[in-house]
Amino acid sequence: MSPEAGTGARTAHAAARTRARTTDAGGSAEARPADGTGTVAPVLAEDAGTVALTAVRGAVAVAADTAPAIARATHDLLAALLAANRLERDDLVSLVFTQTPDLTATNPALALHEAGWDLPALCAQDAAFAGAPARTLRVLAHLRWNRPGRPAPAYLAGAAPTRPGARVGPRTDPGKA
């Protein structure tokens with residue numbers, strides 16, 4: 001993607017973020033600015049492509065408690081989420097990571113920063129519970145979504161959702177056919 005094309009996409013995304021859609025009792029849509037002014041403008045036909053904010057989960061088991069292993073697992077997990085949902089990096093809004101207490105060499109937010117990703121990312125320690133898997137990194141990715149349905153989660157290298165009955169979606173494990 002050329003820098004000019006990327007700028008246009010970012011501008012469209014920024015415009016979508018400045019308004020929230022509301023619907024009145026008759027089904028007419030309006031756009032409200034995010035600045036809280038209360039000024040209301042009708043949603044025009046060209047606004048039909050308004051992008052929604054959604055989130056998708058994923059997890060990956062990390063091979064070892066080393067900075068390179070954590071960085072590789074972070075990259076693999078995000079690459080799998082992007083590929084499974086046909087997304088670009090610019091579609092990501094922010095990332096919230098957790099990692100199990102046995103991963104101490106680095107954290108995924110720092111690994112992304114060091115790899116040159118310019119994206120808000122936060123990392124926290126995963127809650128400890130009986131039977132919790134070791135060396136697991138989890139992500140809640142907030143993203144722009146303009147398609148029907150929900151984005152598919154990604155669970156790699158034997159990682160699984162922590163919530164019973166969670167929607168797993170297709171396994172997107174690179175290296176496994």
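- Screening T74, L137, L77 for a side chain to side chain contact (heavy atoms under 4.5 Å, CB included) involving V62 leaves a single residue, L137.
- Residue P108 comes nearest to C123 through the heavy atom pair CD-SG, 3.4 Å, listed as atom of the first residue, atom of the second, then distance.
- In terms of hydrophobic clustering, with Ile, Leu, Val, Met, Phe, Trp and Tyr side chains grouped at heavy-atom distances under 4.5 Å, L119 and V60 are assigned to a common cluster.
- When every heavy atom of A55 is checked against every heavy atom of P151, the shortest pair comes out as O-CG, 4.1 Å.
- P133 and R138 make their closest contact through CG-NH2, 3.9 Å (heavy atoms, listed as atom of the first residue, atom of the second, distance).
- Closest heavy-atom contact between A64 and A69: O-CB, 3.3 Å.
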- Query: Can L143 and V56 be said to form a side chain to side chain contact (heavy atoms under 4.5 Å, CB included), step by step?
  - Reply: CA-CA 8 Å; L143 51 101; V56 64; 3.4 Å; yes
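- For residues 58-75, the salt bridge (Lys or Arg N to Asp or Glu O under 4.0 Å) pairs, not counting sequence neighbours, are R72-D76.
- Tracing side-chain contacts under 4.5 Å through hydrophobic residues (I, L, V, M, F, W, Y), one never reaches L156 starting from V96; they form parts of separate clusters.
- In this structure, R147 contributes its side chain and N85 its backbone to a donor-acceptor pair below 3.5 Å.
- When the side-chain hydrogen bond (donor to acceptor under 3.5 Å, both in side chains) test is applied to S94, the partners found at least two apart in sequence or on another chain are H142.
- Listed by first then second residue, pairs satisfying salt bridge (Lys or Arg N to Asp or Glu O under 4.0 Å) with a partner in residues 110-119 number zero, not counting sequence neighbours.
- For the atom pair I70 CD1 and N107 CG, the distance stands at 8.0 Å (nearest 0.5 Å).
- Annotation: the span from W117 atom CH2 to L78 atom CG amounts to 4.5 Å, rounded to 0.5 Å.
- The side-chain hydrogen bond (donor to acceptor under 3.5 Å, both in side chains) test applied to T100 returns D102, not counting sequence neighbours.
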Please tabulate, one pair per line, all N/O donor-acceptor pairs under 3.5 Å involving side-chain atoms of residues 124-132, not counting sequence neighbours.
none

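- A donor-acceptor pair under 3.5 Å is formed between the side chain of R144 and the backbone N or O of D90.
- Side-chain atoms of R57 do not come within 3.5 Å of backbone N or O of P153 as any donor-acceptor pair.
- When hydrophobic clusters are built by joining Ile, Leu, Val, Met, Phe, Trp and Tyr residues whose side-chain heavy atoms come closer than 4.5 Å, directly or via intermediates, L81 is grouped together with L87.
- By the side chain to side chain contact (heavy atoms under 4.5 Å, CB included) test, A121 is found to be paired with L95, F97, A109, residues two or more places apart in sequence or in another chain being considered.
- Taking CG of L112 as the reference point, atom OG1 of T106 lies at 10.0 Å (rounded to 0.5 Å).
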